[in-house]
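A quick write-up on the structure given underneath.
Any value given below was found using the heavy atoms of this structure, including those in side chains, with hydrogens, waters and symmetry copies removed. Just follow the structure's listing: the first ligand is 1, and inside any ligand the first atom is 1. These figures come from a predicted structure and were not determined experimentally.
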Amino acid sequence: MSKPKILVARAVFPEVIERLSQHFEVESNQADETWSKAQLTDKLRDKVGALTIGTDRIDAEVLAACPQLKICANMAVGYNNFDVAAMTAAGVLGTNTPDVLTETTADFGFALMMATARRMTESEHYLRAGLWNKWSYDMFAGSDIHGATLGILGMGRIGQGIAKRGAHGFGMNVIYHNRSRLDAASEAACKARYVSKEELLKTADHLVLVLPYSAASHHAIGAAELAQMKPTATLVNIARGGIVDDAALAAALRDKRIAAAGLDVFEGEPAVHPDLLTVPNVVLTPHIASASVPTRLAMANLAADNLIAFFTQGKALTPLNAA
Ligand code: GLV
């Protein structure tokens, strides 16, 4: 009997391709070519399943051209590249990779916050440029993490992981804002206090964004929100590009309306707003918050397991819709 045909849209660990090949006829992209939407659609046309990443857009147009498609397994916890309503209407299941990346991503969010507050990359560039010829009392003096107020916007699994690190490891005072308030036990585990978005903006010394991207969260942090933050505050975005208005942020950093920012995600990435590249008080990383080797392997395996479970047992492990 012939195996179902699937597409693995981007390069992944060879052992994951190997596992998938035991169940499927796999077309892979181990050369990691960047495909246009039209190319992706063409490749998907004769497939029943796909392993995608967060930049592979699956919308009504793609779905209409690929009537055989039954499942798209995203190798990411975020899934704003999926038009879930259109997928449900087309009878296509979407899956993501929750849980396996929570702790690694929380580690990275915390690291980015520390690097930002303590001006690590800015000072490294100075050293590498050969500018360090004497020590001075205020050289790259930043702000403290321990004992400071940590604000978290978006208190899901990763937000709670960052809160726990701050509260238990660094004695931080944790406040958060979220669409819905956590139950008392979860708040107690994070030692976190629920506040309005306005109080969060005004009070946080370090504000970390961990909310999902949607039309509702587009530019959740723009010029008006940045103006409410303390001039000594830092902002960290490990959520999604588009949640922050990057042009407004670059202007706020240039004018020192906030002290510094750490960004792992960007509007229109992999392009980065040119003004962010010219301000010194920002730490920039290329969307790597979940990028530890064990976690990336776990994500790829979970995406593969979703495809295998769906076709062998009729049920995916981490479904996003009831297609
Ligand atoms: C990465 O951004 C993810 O959503 O997993």
**Asked** Are Thr318 and Asn306 linked by a side-chain donor-acceptor pair shorter than 3.5 Å?
**Response**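 Checked: Thr318/Asn306 side chains pair up, N/O donor to acceptor below 3.5 Å.
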
**Message:** Could you check whether Gln160 and Tyr176, counting side-chain N and O atoms only, form a donor-acceptor pair closer than 3.5 Å?
**Reply:**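 The criterion, which ignores hydrogens and geometry beyond distance, is not satisfied for Gln160 and Tyr176.
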
**Request:** Check the pair Arg193, Glu199 against salt bridge (charged side-chain N to carboxylate O under 4.0 Å, His left out), reporting the backbone distance first and the verdict last.
**Result:** CA-CA 11 Å; Arg193 185 167 63 85; Glu199 186 177 344; 3.4 Å; yes

**Prompt:** Do the side chain of Asp205 and the main chain of Thr149 share a donor and acceptor less than 3.5 angstrom apart?
**Reply:**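 Yes, Asp205 side chain to Thr149 backbone: donor-acceptor pair under 3.5 Å.
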
**Item:** Sidechain-backbone polar pair: Gln30 side chain, Val12 backbone, donor-acceptor under 3.5 Å
**Value:**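 Yes; judged by distance alone, with no hydrogens or angles, the pair exists.
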
**Message:** List the protein residues in contact with ligand 1, where contact means a heavy-atom separation under 4.0 angstrom.
**Reply:**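 Within the 4.0 Å shell of ligand 1, which is judged on heavy atoms, sit Ala76, Val77, Gly78, Leu101, Arg240, His287.
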
**Message:** Rounded at 0.5 Å granularity, tell me how far CG in Leu249 sits from NE2 in His273.
**Reply:**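 Atom-to-atom, Leu249:CG and His273:NE2 are 10.0 Å apart.
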
